[in-house]
Structure formats: C-alpha cells, structure tokens
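Scroll down for the structure; my scribbles are underneath it.
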Amino acid sequence: MANFLEQLPKHLQQIAERVNVLTPEAILCTPKIQFLDTRTRSLDSCVPSCCPNDVRILKEAAAKWLAETPVSADSLFKPLVNLKWSRLTFGCAALDRCTGGGIVTRGITEICGASGVGKSQLLLQLALCVQLPRTLGGLGKGVAYICTEDVFPSRRLMQITKAFEARYPEEQINYLGNIFIEHQYESEPLLNCVCNRLQELLQEHSIGLIIIDSVAAVFRLYTNFEQRARDMRRLANALLSYGDKYNCAVVCVNQMTASSETKGAELQEVPCLGYQWANLGRTRMRISRVPKQIKQAEQLLTVRKLEIIYSPETPNEFAEFLITAEGVVDIPVANLRKSTRF
C-alpha cells in the first residue's frame with residue numbers, strides 16, 4: 001500500500017522497507033523484535049538503525065490508517081500466514097509426511113550427511129519441484145544453485161528432468177531454463193556472489209529456492225575462527241534477508257566430520273562448522289544409509305533415511321526413501337517400514 005508508506009516520515013519508511021513489511025496489516029502483525037533484529041540489516045555495524053520508540057510510532061500509524069479504512073479481521077492474518085508458511089515439496093510422499101509438507105520458505109534449512117549419501121540427489125529433485133505449480137506442492141519459480149565442491153551434475157539433472165516430464169505431462173515447464181548455476185570454490189568470491197550478484201538475480205527473475213552445495217567446503221578451511229564466524233554470519237544474514245524479502249526457501253548442504261565422542265567402539269560423526277554455523281540455521285536434517293537393501297527392477301537399492309535433527313515446527317521424525325534413476329522416490333508399499341518418532 002504505497003499511499004500508507006508515503007505518509008510516513010522518511011526514517012520510518014526505511015525501517016519498513018528494510019524489514020520488508022510494507023502494509024499496515026503486516027506492520028501490526030509483525031513482532032517488534034523483527035524490526036530490531038540484526039539479521040534484517042548489515043552486520044558490519046552493531047548500532048541499531050531504529051529503536052523501540054520508532055517501532056511504536058510505526059505500529060500506531062498503521063493502526064490509525066486501518067481505523068480509517070474498514071477491513072475484515074480475517075484479512076489481517078490470512079495473507080501473512082500463507083506467505084510465512086509456504087512449503088516446497090520434496091516430490092516424495094514419505095519425506096513430505098516426515099517434514100510436514102517439505103522445505104519451509106523461511107530461515108535456512110541445512111541438509112547434512114556423509115559423502116555420497118545422496119544429498120546432491122535430493123537437491124536436484126528440489127530444484128525441479130520448486131518449478132511445479134502450488135497445486136502440486138511447488139512454488140512456480142526458479143532456483144539459484146551455487147556449487148562449492150564438485151562440478152554441477154548436469155547429466156544427472158537431465159535424467160531426473162525426463163522423469164519429471166513423464167510424471168507431469170500436462171505441465172509445460174522448461175525445467176532446465178529455470179535453474180541458474182554458479183561455481184565458487186573460495187570464501188570471498190562466494191560471499192561476493194551471494195551478497196551482490198545473487199541479489200541482482202533475485203530482482204530480475206522469480207526465484208523460489210536458493211541452494212548452496214556446500215557451506216562446509218569453503219568454511220572448514222579457515223584457520224582464523226573469528227573471521228570464519230564473521231563470514232558465516234555475513235552469508236547467513238544475506239540468505240535470511242532474501243528468504244524474507246522474496247519468500248524463497250534456502251537450503252545449505254553441510255558435510256560430516258568425526259567427533260571426539262564415541263558410540264560404542266566407533267567414532268561418532270557430527271556436522272561440520274560446529275555451533276557457529278548450527279546456530280544460524282532454522283532446521284537441520286540429516287541423510288544416512290540404512291543397512292537394508294531392496295530389489296527393484298533387477299537392481300539392489302540401498303535404503304536411505306532422512307531424519308529431522310531439530311526444527312521449530314516439526315517433531316523429530318524420520319522417513320526412509322530410495323534413490324533411483326527417476327530421482328528420490330518412496331519405498332514400495334510391500335517393503336515399507338512405517339516411520340516412527342524418536
């Protein structure tokens with residue numbers, strides 16, 4: 001509602017625009033802490049650009065505006081709820097049930113797991129699912145895919161794309177034309193890409209998913225851990241602001257490393273980058289292999305498991321799945337073992 005913003009003092013307009021809360025309904029429903037949260041602005045300065053009194057004046061102005069413009073109470077909340085809790089399907093029923101509908105379009109979702117466990121396979125499927133219409137669990141948008149380790153697996157993407165075209169023949173989607181790929185193997189070029197060039201891409205194209213595969217490949221090489229913490233905060237700050245502003249999902253892959261703790265006689269594996277990175281994410285999921293194989297089309301396929309380590313809105317559950325030539329799929333009903341809570 002441009003007229004509402006125009007009647008505000010300039011510094012209040014800047015506060016609303018920085019937090020991407022642009023309507024009086026949104027201003028009233030947004031917690032005060034979000035206006036003061038450092039994640040919504042540059043972390044180069046610790047000096048707040050607004051104070052609680054500014055937020056109070058902003059909310060009072062929004063309330064006065066709405067008092068003069070009759071609206072239904074229902075309209076105050078419905079658009080915000082739909083925007084805040086949009087989810088992106090995995091394209092696999094078992095994983096969607098486990099996660100409550102897929103990847104949420106708020107905060108950073110971390111997918112961790114050992115090398116070769118199937119993380120990139122899941123990312124490729126998400127890159128296609130996000131392009132599906134909302135009626136099929138997608139967002140009808142493209143994806144920004146940043147590789148920091150290996151070369152992007154274009155052949156495998158083509159294989160899964162053909163499976164999607166056969167699965168959804170009625171959808172005329174140019175899957176390959178909506179995936180924007182970047183390769184960055186060092187921290188400074190990666191930060192420049194995310195903080196500057198990615199913003200330009202989001203302004204020019206409709207992007208519903210940002211993928212970084214992986215954060216560990218760049219940040220685990222640091223020897224100055226204070227600088228690493230600052231750089232990880234810069235990266236997370238930019239990603240969180242994009243998620244809020246453009247209503248897109250953010251998925252970062254993390255590697256595993258051996259822990260000093262043991263489980264039985266074996267060393268335990270934990271996600272890389274420690275608590276410095278763990279505290280920046282909203283949700284952490286882990287993929288692992290299950291000591292179980294299923295025969296399908298004359299092939300023995302290893303069962304994989306996705307488990308939710310922590311999430312503010314989803315219980316700690318897990319689901320089993322397979323990786324086939326067509327992508328990530330459910331285990332056939334005859335072999336399905338029901339997922340249970342921990």
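Only heavy atoms go into these numbers, but all of them, side chains included; no hydrogens, no water, no symmetry mates.
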inquiry  = Could you see if Val250 belongs to whatever hydrophobic cluster contains Leu202? Use Ile, Leu, Val, Met, Phe, Trp, Tyr and a side-chain cutoff under 4.5 Å.
reply    = yes
message = Among residues at least two apart in sequence or on other chains, which ones pass salt bridge (charged side-chain N to carboxylate O under 4.0 Å, His left out) with Glu298?
response = Lys295
ask   = Will you find, in the side chains of Glu171 and Gln131, an N or O donor that is under 3.5 Å from an N or O acceptor?
value = no
ask   = Just wondering, do Leu124 and Arg156 contact through their side chains at under 4.5 Å, heavy atoms?
value = yes
task = Would you kindly confirm whether Leu201 and Leu235 end up in one hydrophobic cluster when ILVMFWY residues are joined by side chain heavy atoms under 4.5 Å apart?
result = yes
message = Please find the pair of heavy atoms, one from Leu322 and one from Pro332, that lie closest to each other, and give the distance.
response = CD1-CD, 3.8 Å
key: Donor-acceptor contact below 3.5 Å, side chain Asn254 vs main chain Cys112   = no
task = Ignoring hydrogens and angles, state whether a donor on the side chain of Gln227 or Asp231 is under 3.5 Å from an acceptor on the partner side chain.
result = yes
ask   = Donor-acceptor pair, Asp330 side chain versus Cys92 backbone, under 3.5 Å?
value = no
query = With a 4.0 Å cut-off, would you call Arg87 and Glu313 a salt bridge?
reply = yes
inquiry  = I need the Ile181 CD1 to Ile146 CD1 distance, nearest 0.5 Å.
reply    = 11.5 Å
query = Just by modelled atom types, is the Thr89 backbone N or O under 3.5 Å from a matching donor or acceptor in the Asp96 side chain?
reply = no
key: Glu182 side chain near Cys147 side chain, heavy-atom distance below 4.5 Å   = no
query = Should Leu136 and Leu122 be regarded as members of a common hydrophobic cluster, given that ILVMFWY residues are connected when their side-chain heavy atoms come within less than 4.5 Å of each other, either directly or indirectly?
reply = yes
key: Side-chain (His183) to main-chain (Val151) donor-acceptor, under 3.5 angstrom   = no
task = Find out if a path of hydrophobic residues (ILVMFWY) with successive side-chain heavy-atom gaps under 4.5 Å connects Tyr168 to Met158.
result = yes
task = For the pair Thr314 (side chain) and Ser311 (backbone), establish whether a donor and an acceptor sit closer than 3.5 Å, ignoring hydrogens and angles.
result = no
ask   = Heavy atoms, side chains only, cut-off 4.5 Å: are Ile212 and Tyr145 in contact?
value = no
ask   = Does NZ or CZ of Arg167 fall inside the cone over Phe164's six-membered ring, less than 6.0 Å from its centre and within 45° of the axis?
value = yes
inquiry  = Has Thr148 got a side-chain atom pairing as donor or acceptor with Gln184's backbone, closer than 3.5 angstrom?
reply    = no
task = Give a yes or no answer on whether the side chain of Asn192 reaches the backbone of Glu188 with a donor-acceptor pair at less than 3.5 Å.
result = no
task = Please report the C-alpha distance between Ser86 and Val104 in whole Å, then the side-chain angles of each, then the deciding distance to 0.1 Å, and finally whether the side-chain contact (heavy atoms from CB on, under 4.5 Å) criterion is met.
result = CA-CA 6 Å; Ser86 297; Val104 70; over 6 Å; no
query = Which value, rounded to the nearest 0.5 Å, describes the distance between Leu139 atom CG and Asn247 atom CG?
reply = 7.0 Å
query = Which heavy atom in Pro133 sits nearest to a heavy atom in Ile173, and how many Å separate them?
reply = CD-CD1, 4.5 Å
query = Which atom pair, heavy atoms only, marks the closest approach of Ile207 to Cys248?
reply = O-CB, 3.5 Å
inquiry  = Just so I know, are the side chains of Cys252 and Leu239 near enough to count as touching, which here means a heavy-atom distance under 4.5 Å?
reply    = yes
request  = Determine, step by step, whether Leu280 and Met232 satisfy the side-chain contact (heavy atoms from CB on, under 4.5 Å) criterion, reporting the C-alpha distance in whole Å, the side-chain angles of both residues, the deciding distance to 0.1 Å, and the verdict.
outcome  = CA-CA 8 Å; Leu280 298 175; Met232 287 194 297; 4.1 Å; yes
ask   = Given the rule that I, L, V, M, F, W and Y join up when any side-chain heavy atoms are under 4.5 Å apart, are Leu191 and Tyr185 in one cluster?
value = no
task = Carefully, step by step, assess Asp244 and Arg106 under the rule side-chain contact (heavy atoms from CB on, under 4.5 Å).
result = CA-CA 7 Å; Asp244 287 338; Arg106 280 298 180 271; 3.2 Å; yes
query = Nearest 0.5 Å, what's the OG1-CD distance between Thr161 and Gln125?
reply = 10.5 Å
task = Any chance you could measure Glu110, atom CD, to Thr283, atom OG1, to the nearest 0.5 Å?
result = 10.0 Å
message = If you compare all heavy atoms of Cys272 against all heavy atoms of Thr257, which two are closest, and at what distance to 0.1 Å?
response = SG-CB, 3.8 Å
task = Before accepting this row, confirm whether a basic side-chain N of the pair Glu326/Lys162 lies closer than 4.0 Å to the acidic partner's carboxylate O.
result = no
request  = Before giving the answer on side-chain contact (heavy atoms from CB on, under 4.5 Å), spell out for Arg289 and Arg304 the whole-Å C-alpha distance, their side-chain angles and the decisive distance to 0.1 Å.
outcome  = CA-CA 5 Å; Arg289 291 187 180 89; Arg304 321 288 174 122; 4.1 Å; yes
inquiry  = Using the ring pair (Phe, Tyr, Trp, His ring centres under 6.0 Å) criterion, which residues pair with Tyr242? Sequence neighbours excluded.
reply    = none
inquiry  = Aromatic contact between Phe180 and His205, with the criterion being ring centroids under 6.0 Å apart: yes or no?
reply    = yes
key: Nearest heavy atoms of Ala144 and Leu198, plus distance in Å   = CB-CD1, 3.7 Å
inquiry  = So for atom CD, which belongs to Glu165, do other residues, nucleotides or ligands contribute more than 12 heavy atoms lying within a distance under 6.0 Å?
reply    = yes
ask   = Any side-chain heavy atom of Gln268 sitting closer than 4.5 Å to one from Met256?
value = no
Close side-chain approach of Val251 and Leu209, heavy atoms under 4.5 Å = yes
query = When rounded to the nearest 0.5 angstrom, what is the spacing between NZ in Lys119 and CD1 in Ile211?
reply = 13.5 Å
ask   = Are Glu149 and Val218 close enough that some pair of their side-chain heavy atoms sits under 4.5 Å apart?
value = no
task = Please tell me if the side chains of Asp213 and Asp150 come closer than 4.5 Å, counting only heavy atoms from C-beta onward.
result = no
query = Among side-chain atoms of Tyr222 and Ser187, is any donor-acceptor pair under 3.5 angstrom?
reply = yes
query = Rounded to the nearest 0.5 Å, how far does CD1 of Ile309 lie from CD1 of Ile111?
reply = 12.0 Å
request  = Compare every heavy atom of Ala278 with every heavy atom of Arg284, then report the nearest pair and how far apart it is.
outcome  = NH2-CB, 3.6 Å
